[in-house]
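So the structure is just underneath, and the comments pick up after that.
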Amino acid sequence: MKKKLLSALLCVAMAATLLVGCGGSDKPAGNDTPATEQKQEASKDDASGATTYNVGVAIYQFDDNFMTLYRNEIEAYFKTLETDSVKYNVTIVDGKNDMATQTDQIKTFITQGMDVIICNLVQTSSAELIIDEVVAANIPLVLINREPLGDNGDESYAGILDNPGVCYVGADARQSGTYQGEIVLGLPDKGDINGDGKVSYVMIEGDPENPDAQYRTQYSIKALTDAGMEVECLADQVGMWATDKGQEIAATALSQHGDAVEVIFCNNDGMALGAAAAIQAAGRTVGKDIYLLGVDALEECQEMVKNGTMTGTVLNDHIGQSHTAVDVAIKALNGEAIDNYYWVDYVMIK
Ligand code: BGC
């Protein structure tokens with residue numbers, strides 16, 4: 001018995017050795033489309049005979065609540081898609097909110113022979129530089145979260161449209177802004193707590209270079225004015241997506257404008273968490289004498305919406321976005337054609 005088992009094991013080992021000797025010509029299981037030559041060269045076969053694809057993921061900044069959820073899900077989802085014959089070696093790097101650092105990281109990914117690159121740009125104004133580098137190296141590129149806008153401020157960025165191997169995966173930030181405004185419109189007093197005929201608000205913005213910040217700022221208010229509401233902006237400050245800055249801005253606005261502040265709009269939940277702390281410290285009560293809106297639907301903010309300490313938020317679906325980004329990256333790895341744009345919907349949480 002033992003002998004039989006031993007010789008069976010030996011056979012398996014020999015077969016494995018033979019497979020290893022086959023070099024980089026293995027194709028991913030269940031896919032008849034050959035990967036491009038460049039990709040096949042970069043893929044490695046490990047001792048088990050599996051094809052390992054090298055995936056480089058560049059995140060604008062690790063120290064960001066939302067992008068932390070997003071990048072963890074990218075990694076976790078790649079793992080779930082591994083099979084005996086296909087593995088993904090995922091390297092995730094922190095751009096530390098510095099474009100020069102990120103540019104170096106992308107260059108390193110290229111020299112390391114990444115098979116696909118997923119990039120959350122530090123600056124969308126540097127999209128061309130990054131796209132040119134990656135396209136010249138013949139590596140598929142999936143841009144996420146920060147959309148480089150076309151000349152008309154829309155999804156027609158030439159660097160994406162002109163390159164079949166480049167795409168953007170994201171959510172249309174106009175929708176999230178509109179939902180914030182619609183949540184306010186759905187309140188019994190439509191945000192006009194003191195009944196003076198206008199909604200007096202404070203806007204706390206993310207990085208102004210980021211279309212998500214621009215659109216949320218614009219469309220939240222547009223939803224109100226489109227519905228015929230009069231609005232008054234008491235303060236509009238940049239909080240760079242950060243909780244401490246959100247708290248600081250809200251605290252200053254509340255001390256300067258006091259009870260006049262009826263609604264605080266935050267471009268994201270990170271800053272809304274800070275604003276919530278400032279609201280509490282100022283002795284104000286959400287739902288009674290002030291309203292607070294965010295975007296992302298971080299778990300703690302969903303809780304706050306349930307217990308009334310936040311008026312509403314908008315789900316920025318990091319699961320849907322990260323899975324789409326990974327699925328598209330794998331399509332590209334398999335040599336399949338990809339679209340230039342992939343959109344994931346926001347969901348209103350109130
Ligand atoms: C999120 C923010 C995040 C930003 C990073 C946005 O879509 O709502 O929370 O800080 O992306 O670019």
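Start at 1 and go down the list; that is how both ligands and their atoms are numbered.
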- Item | Those atoms of ligand 1 less than 4.0 Å from some heavy atom in N268 | 2 (C), 8 (O), 9 (O), 10 (O)
- Note on the structure: Heavy atoms of V238 and G206 approach each other most closely as CG1-O, 3.7 Å
- CE on M348 to OG on S176, rounded to 0.5 Å: 11.0 Å
- When you measure from atom 4 (C) of ligand 1 to every protein heavy atom, which one gives the shortest distance, and what is it? W241 CE2, 3.8 Å
- Taking NZ, NE, NH1 and NH2 as the nitrogens, is one of them in E155 or R174 under 4.0 Å from a carboxylate oxygen of the other? yes
- Is the shortest N/O to N/O distance between N120 and ligand 1 below 3.5 Å? no
- Is the closest heavy-atom distance from Q61 to ligand 1 below 4.0 Å? no
- Taking all atoms of both residues into account, what is the closest heavy-atom pair of M304 and A276, and its distance? CE-CB, 3.5 Å
- Message: Contact between Y70 and D64 at the side-chain level, heavy atoms closer than 4.5 Å - yes or no?
- Response: no
- Query: Nearest protein heavy-atom contact for atom 3 (C) of ligand 1: which residue, which atom, what distance?
  - Reply: D64 OD2, 3.5 Å
- Structural part of R216 in contact with ligand 1, heavy atom criterion under 4.0 angstrom: side chain
- Message: Out of all atoms in ligand 1, which are within 4.0 Å of some heavy atom of N210? Include the element for each.
- Response: 12 (O)
- Around atom 9 (O) of ligand 1, find the nearest protein heavy atom and jot down its residue, atom name and distance. D296 OD2, 2.6 Å
- Query: Do other residues, nucleotides or ligands put more than 12 heavy atoms under 6.0 Å from the CG atom of N307?
  - Reply: yes
- Can a salt bridge be assigned to the pair D212 and R216 using a cut-off of 4.0 Å between side-chain N and carboxylate O? yes
- Query: Would one find an N or O of N145, backbone or side chain, under 3.5 Å from an N or O of ligand 1?
  - Reply: yes
- Of all the non-hydrogen atoms in the protein, which one sits nearest to atom 6 (C) of ligand 1, and at what distance? D212 OD2, 3.4 Å
